[in-house]
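Take a look at the structure set out below.
Nothing here was measured: the structure is a model prediction, and the numbers come from that model.
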Amino acid sequence: MSNSTRCAACKSLRRRCSKDCVLAPYFPPTNPQRFACVHKIFGASNTTKMLEQLPLHLRAVAVDCMSFEASSRVEDPVYGSVRIISQLQEQIIEAQSELVKTKGEIAFHNAQQQQQMQQLQMIHAIAQEGEDQPSWLSSSQQDLFPNINQQQLEDYNYSNTFCGFEF
């Protein structure tokens, strides 16, 4: 590279930018702040060494990670990116808790609906037998249907539909 198109790293370090500069592809001259943060936290020498040890296809990701960590550390010198990670983990835990709660509510409502359908089917089966005396309910059936009275059974006998479903 010529002197006029030095990368942000070489400009910051006040050196010539060679054609094989390891930092040039990742720290363009248009974004000097990116290198300034990385240099402040990791140092130019360490950054260069880390990049040289990596295969070419992983270097861009590594620089992005270093840049994120460095800017987080500059913003929050104590916690850095750990603060953000902790907040995200808390959000995940809250979302998982909400999901478990919602699944429980769905299961409860499904169980209630299934129980109501079973009760209606039982009433229908009993009503089909043609018995209209309250004594037709055995003690175990009375336990299943404590709130059913004679009027409900008569109403059911006149209409064999419930919510649009025929039995």
Over 12 foreign heavy atoms within 6.0 Å of CD, Q113: no
With rounding to the nearest 0.5 Å, note down the distance linking [atom1] in [X] to [atom2] in [Y].
| X | Y | atom1 | atom2 | answer |
| --- | --- | --- | --- | --- |
| Y26 | M66 | OH | CE | 9.5 Å |
| S12 | H39 | OG | NE2 | 5.5 Å |
| Q116 | Q112 | CD | CD | 6.5 Å |
| I84 | S72 | CD1 | OG | 4.0 Å |
| Q115 | M122 | CD | CE | 11.5 Å |
| E90 | I92 | CD | CD1 | 10.5 Å |

Testing the basics here: between [X] and [Y], what is the closest heavy-atom pair and its distance to 0.1 Å?
| X | Y | value |
| --- | --- | --- |
| C21 | C7 | SG-SG, 3.9 Å |
| P77 | V74 | CD-O, 4.1 Å |
| R16 | R6 | CA-CD, 4.5 Å |
| A70 | C37 | CB-O, 3.4 Å |

Is [X] reaching over with its side chain to a backbone N or O of [Y], donor-acceptor style, under 3.5 angstrom?
| X | Y | answer |
| --- | --- | --- |
| S67 | V63 | no |
| S97 | I93 | no |
| R73 | V78 | yes |

Members sharing V61's hydrophobic cluster (side chains within less than 4.5 Å): none
So, D64 and R59, do they make that salt bridge, N to O below 4.0 Å? no
Determine whether M50 and I41 fall in the same hydrophobic cluster, where Ile, Leu, Val, Met, Phe, Trp and Tyr are linked whenever their side-chain heavy atoms lie under 4.5 Å apart. yes
Membership question, hydrophobic clusters at under 4.5 Å side-chain separation (ILVMFWY): are F68 and F42 in the same one? no
side-chain contact (heavy atoms from CB on, under 4.5 Å) between F35 and L13: does it pass, once the steps are laid out? CA-CA 10 Å; F35 179 75; L13 298 172; 4.2 Å; yes
Test of understanding: with side chain to side chain contact (heavy atoms under 4.5 Å, CB included), list the residues that count as partners of P32, not counting sequence neighbours. A8
Passes side-chain contact (heavy atoms from CB on, under 4.5 Å), E94 versus Q89? Steps please. CA-CA 9 Å; E94 288 173 13; Q89 285 176 334; over 6 Å; no
